[in-house]
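The structure under discussion appears below in the form of C-alpha cells.
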Amino acid sequence: MNMSDKEYPNRDISNSVVISDHTDIGKINSLDERVKYIAEMISKFPRAYQRFEASDNISMNDAFEVANILHTDRHVFEASELYRLAFDLHDKQPNHYPLAQSLLQVRLLCLLKSGHDLPETELIELDKLCIPYGNYLRGVRAAWQKNSLENALNLIGNAFEEFHTGEEIDSIYLELAMKHTGRTIGCELNTPGNFIPYKMYMYWDKLPPQEIVDNFEYHKNLHDLPVKIFDREEAAEWLYQKYGIEARELFLNARHPAEAADFLRVHIINLLGGWWLDADLKLKKDNYQEFMKNFDKSGCYFTTSNNVIHNDFFGSSSNSVVLNDCLLSLYRNNYLHKGLFIAYKTGPGIFNRALSRIYHNALSIDPNFPSIEIYNQNDFDNYIEEFDTPYKHNTPHWQSV
C-alpha cells in the first residue's frame, strides 16, 4: 500500500467534522481537543491506547492503525471515531491508501455494529466518493435495523465487486443471502455427473512432520475412502500437465506453503471432483462416511461462525459454478494483487466472493446450475476434528506473510 504518512500536527479539521447526535467528537473543532477526547475515550483499552500514545503528532496512519486495533478487539463505537479521524486527516488523493472512501465506509459500518444509526450527511459524503459503498451501508442498515432482507440485498446489489475478495462485505452479504434464500441454492439436476465423487485429496509440500505423517496414514487406512496425497513436486507437475506452465509457475512462486495449497486445491477439485481436506484436519471416523457417501448435491461448503467459507474441508463435482468462479479470482489476485493477505488472495476469500456472485445472480435470474448446500460451523465440527500440530509453533505462520 502507498500509505501516506504525512502528519498534520496543527490542522484544523472543523470543516470536515460531521456533527451527529450520538457522539461529542463531531462537535470538536480543533485537532488538539479532538485528540484529548479520543485519548480519554480509549484509555480503558490498553492495546489501542498504547499505540495511540506512541505518536507525538497523530497522523492518518496512526489513527487508522488504532482504529484497526479497536475494531479487532470489538470496541466498534470507539473504532468508528478513530476511522472518522483517519478520514478527516486523509488528503483525499485517490492513490493514497487506505482510500478515503474505505475509511468512511468502515467508520459507518462500525457505527451500525455499535447500534447507532447512520448520519445522513456522512452517507451523502460517502456517495460522493463511491456510490456502491453508500448502497452497501444502506443495505446493511435495512437488514440490521429493519430486518428487510430483500430490500437489503437489492440495495447492496453487487457492491462487493468494489472490494478485494474476502473482505467483510462478502461474509455479511452471504449471511443476508442465506437468511433470505436459504442454504441450498441451484436446481435439483440430479444426474451422476453432478454428484461429488467419493474420493479425497490432501497436500503437504515436503518433509511432513510426524503428526502430519500420522494423519496421512490415518486417512489412507480408512477402508472405504480413496485418498490421494500430493507433495510439492508432484503437484507442480500435475498442474503443468493439466493446466500448463502458467499454473505451475504461480504455484511454485507462492509466498507460503499455505498459499500454494490454496492454489492447488481449487484446480484439483474443479478438474477431478471430490473432497478436499487440509493436512492438519481429521475426518471423524464414526461420522463422515454416511454424510460424504450419500451427499446428493454438486457442492458442499461450510461456514465459520462469522460466515466465512471453510476452504480446509469442502466437496464439489468437477467443473463447478463455485470453483470456476474461484479460479477467476485466484488468477486475478495473483496478477493484480500479489501482496494481498493470503486468506483474501487465495484462501476463503475467493470462495466467499464466488458465493456472493452466485447468490446475487440467483436473485435476478433462475439459478440454472446443479444445487449446492452450505452448512454451518456446528455441522463442520460434527465431521471434522482439529488435532494438535506442533509444527505451527516452529514455522512462520501464513498470517505473518
Report the C-alpha distance between Asp224 and Tyr198 in whole Å, list the side-chain angles of each, state the deciding distance to 0.1 Å, and finish with yes or no for side-chain contact (heavy atoms from CB on, under 4.5 Å).
-> CA-CA 9 Å; Asp224 65 323; Tyr198 187 59; 2.6 Å; yes
Could you please spell out the steps behind the side-chain contact (heavy atoms from CB on, under 4.5 Å) verdict for Ile229 and Lys220?
-> CA-CA 9 Å; Ile229 300 168; Lys220 285 191 289 187; 4.0 Å; yes
Tell me whether the count of non-hydrogen atoms from other residues, nucleotides or ligands lying under 6.0 Å of [atom1] in [X] goes above 12.
X      : atom1 : answer
Leu222 : CG    : yes
Lys284 : NZ    : yes
Gln210 : CD    : yes
Glu150 : CD    : no
Phe45  : CZ    : yes

Would you name the heavy atoms of [X] and [Y] that are closest together and state the gap between them?
X      : Y      : result
Asp170 : His164 : OD2-O, 4.2 Å
Pro132 : Ala159 : O-CB, 3.5 Å
Glu162 : Cys130 : OE1-SG, 4.1 Å
Leu281 : Phe387 : N-CE2, 3.7 Å
Ala143 : Leu149 : CB-CD2, 4.2 Å
Leu340 : Thr165 : CD2-OG1, 4.4 Å

Non-hydrogen side-chain atoms of [X] and [Y] separated by less than 4.5 Å:
X      : Y      : value
Thr346 : Ile342 : yes
Thr389 : Pro209 : no
Phe341 : Glu167 : no
Ile309 : Leu174 : yes
Asn361 : Phe369 : no
Phe295 : Trp275 : yes
Lys345 : His337 : no
Phe263 : Leu239 : yes

Is the Phe380 ring parallel, tilted or perpendicular to the His310 ring (thresholds 30°, 60°)?
->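 Ring orientation of Phe380 relative to His310: parallel.
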Taking the inter-plane angle between the rings of Tyr301 and Phe314 on a 0 to 90° scale, is it parallel (under 30°), tilted (30 to 60°) or perpendicular (over 60°)?
->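 If you compare the ring of Tyr301 with that of Phe314, the planes turn out parallel.
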Non-neighbouring partners of Leu207 that pass side chain to side chain contact (heavy atoms under 4.5 Å, CB included), sequence neighbours left out =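 Result, side chain to side chain contact (heavy atoms under 4.5 Å, CB included) vs Leu207: none returned.
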Sequence neighbours left out, what passes side chain to side chain contact (heavy atoms under 4.5 Å, CB included) with Asn307? Give chain and number order.
->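 So Asn307 forms a side chain to side chain contact (heavy atoms under 4.5 Å, CB included) with Ser171, Glu175, Met178, Arg183, Thr303.
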Just by modelled atom types, is the [Y] backbone N or O under 3.5 Å from a matching donor or acceptor in the [X] side chain?
X      : Y      : answer
Ser298 : Ser371 : yes
Ser329 : Cys326 : no
Arg107 : Leu85  : no
His90  : His96  : yes
Asn270 : Val266 : no
Asp62  : Ser59  : yes

Does the side chain of Asp280 pick up a donor-acceptor pair with the side chain of Asn215 at under 3.5 Å?
->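 No.
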Do the side-chain N and O atoms of Asn333 and Tyr344 include a donor-acceptor pair separated by under 3.5 angstrom?
->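 The answer is no; no qualifying pair exists.
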Carefully, step by step, assess Thr184 and Glu373 under the rule side-chain hydrogen bond (donor to acceptor under 3.5 Å, both in side chains).
-> CA-CA 5 Å; Thr184 303; Glu373 186 81 15; 2.2 Å; yes
Can the ring centroids of [X] and [Y] be said to lie less than 6.0 angstrom from one another?
X      : Y      : result
Tyr173 : Tyr136 : no
Phe87  : Tyr83  : no
Tyr383 : Phe313 : no
His267 : Tyr331 : yes

Intermediate values then yes/no, side-chain contact (heavy atoms from CB on, under 4.5 Å), Met292 and Leu283 | CA-CA 11 Å; Met292 291 170 63; Leu283 292 176; 4.1 Å; yes
[atom1] of [X] to [atom2] of [Y]: how many Å apart, nearest 0.5 Å?
X      : Y      : atom1 : atom2 : value
Arg34  : Leu89  : CZ    : CG    : 7.5 Å
Tyr133 : Ile169 : OH    : CD1   : 8.5 Å
Leu82  : Phe77  : CG    : CZ    : 11.0 Å
Ile42  : Arg51  : CD1   : CZ    : 10.5 Å
Ile350 : Leu330 : CD1   : CG    : 4.5 Å
Leu112 : Gln145 : CG    : CD    : 5.5 Å

Under the salt bridge (charged side-chain N to carboxylate O under 4.0 Å, His left out) test, which residues partner Asp73, sequence neighbours left out?
->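 Listed in chain order: Arg47.
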Among all residues two or more places apart in sequence or in another chain, which pass the salt bridge (charged side-chain N to carboxylate O under 4.0 Å, His left out) test with Arg138?
->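 Salt bridge (charged side-chain N to carboxylate O under 4.0 Å, His left out) list for Arg138, sorted by chain: Glu120, Asp127.
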Hey, could you give me each pair passing salt bridge (charged side-chain N to carboxylate O under 4.0 Å, His left out) that has a residue in residues 229-247? Not counting sequence neighbours.
->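 Sorted pair list: Lys228-Glu234.
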Any salt bridge (charged side-chain N to carboxylate O under 4.0 Å, His left out) involving residues 322-336? Give me the pairs, sequence neighbours left out, ordered by first then second residue.
->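 Sorted result for residues 322-336: Asp325-Arg357.
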Option among Ser317, Ser318, Ser316 that satisfies the side-chain hydrogen bond (donor to acceptor under 3.5 Å, both in side chains) test with Ser320 =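 Checked Ser317, Ser318, Ser316 against Ser320; only one passes side-chain hydrogen bond (donor to acceptor under 3.5 Å, both in side chains): Ser316.
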Do Arg84 and Glu81 meet the salt-bridge criterion of a basic N to acidic O distance under 4.0 Å?
->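 Looking at Glu81 and Arg84, the cut-off is not met.
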So, are Arg265 and Asp278 salt-bridged, with charged N and O less than 4.0 Å apart?
->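 Between Asp278 and Arg265 there is a salt bridge, with a charged N closer than 4.0 Å to a carboxylate O.
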Kindly indicate, with the supporting measurements, whether the criterion side-chain contact (heavy atoms from CB on, under 4.5 Å) is fulfilled by Gln377 and Thr304.
-> CA-CA 5 Å; Gln377 182 65 48; Thr304 69; 3.8 Å; yes
